[in-house]
Amino acid sequence: LARTEEEEKLRQAREQDEQQRRLEEEAREAAFRNEQERVEAARRAEELRKSKEEEKHRLLMEEERRKQAAKQKLLELEEKISRRQAEAAKGCSSSSTVSEDKFLDIVKEKESADVVDWEDSERMVDRI
């Protein structure tokens, strides 16, 4: 009976040790999973932070580009206004002279092109 009781105590002690070992192993595995989840959450948070930062930078660059385009357009308009004011200051006659000069230049170009075409046509007719 004493031997049976001793064997029973040893068996219970082994089972208890085995159960304790399993619990410790499960606790280690749970701690490992928690650590992995924590690392993954930190990685996702960092990626999110970087993407927000990149988006903010992109928006700032786009805004800066728009501002530069608006400034450029403003400068062009101011230049155009100042040219028109300068032309208006010269008076209508000088601006009409400029327009006439441009018109005469265009007519001269057209006439010279017509003359060249006419001469080419004449040479063709002469050959025939």
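For R3, the CZ atom is loosely surrounded, since the number of other residues' heavy atoms within 6.0 Å does not exceed 12. Summarising the local packing, CD of E46 is surrounded by more than 12 heavy atoms from other residues, nucleotides or ligands at distances under 6.0 Å.
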Salt bridge (Lys or Arg N to Asp or Glu O under 4.0 Å) between R11 and E15, intermediate numbers included: CA-CA 6 Å; R11 186 184 61 77; E15 286 176 0; 2.5 Å; yes
Stepwise salt bridge (Lys or Arg N to Asp or Glu O under 4.0 Å) test for K52 and E55: CA-CA 5 Å; K52 284 182 179 180; E55 180 67 14; over 6 Å; no
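Atom CZ of R43 is separated from atom CD of E47 by 4.0 Å, given to the nearest 0.5 angstrom. Rounding to the nearest 0.5 Å places CZ of R83 at 7.5 Å from CD of E87. Interatomic distance, E76 CD to I81 CD1, rounded to the nearest 0.5 Å: 12.0 Å. Distance CG/L75 to NZ/K73: 11.5 Å, rounded to 0.5 Å. The distance from the CZ atom of R21 to the CD atom of Q16 is 14.0 Å, given to the nearest 0.5 Å. For the atom pair NZ of K67 and CG of L74, the computed distance is 14.5 Å after rounding to the nearest 0.5 Å.
Residues forming a side chain to side chain donor-acceptor pair (under 3.5 Å) with Q12 (at least two apart in sequence, or on another chain): E8.
With respect to the salt-bridge test (charged N to carboxylate O, under 4.0 angstrom), the residues E6 and K9 do not qualify.
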Could you go through residues 28-38 and list every donor-acceptor pair under 3.5 Å that involves a side-chain atom there, pairing it with any protein atom two or more places apart or in another chain?
unit_1, atom_1, unit_2, atom_2, d
R28, NH2, E25, OE1, 2.6
N34, ND2, A30, O, 3.3
E35, OE1, R38, NE, 3.3
E35, OE2, R38, NH2, 2.6

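With contacts defined as side-chain heavy-atom distances shorter than 4.5 Å, the pair E53/H57 does not qualify. At a threshold of 4.5 Å between non-hydrogen side-chain atoms, the residues R58 and E54 do not count as touching.
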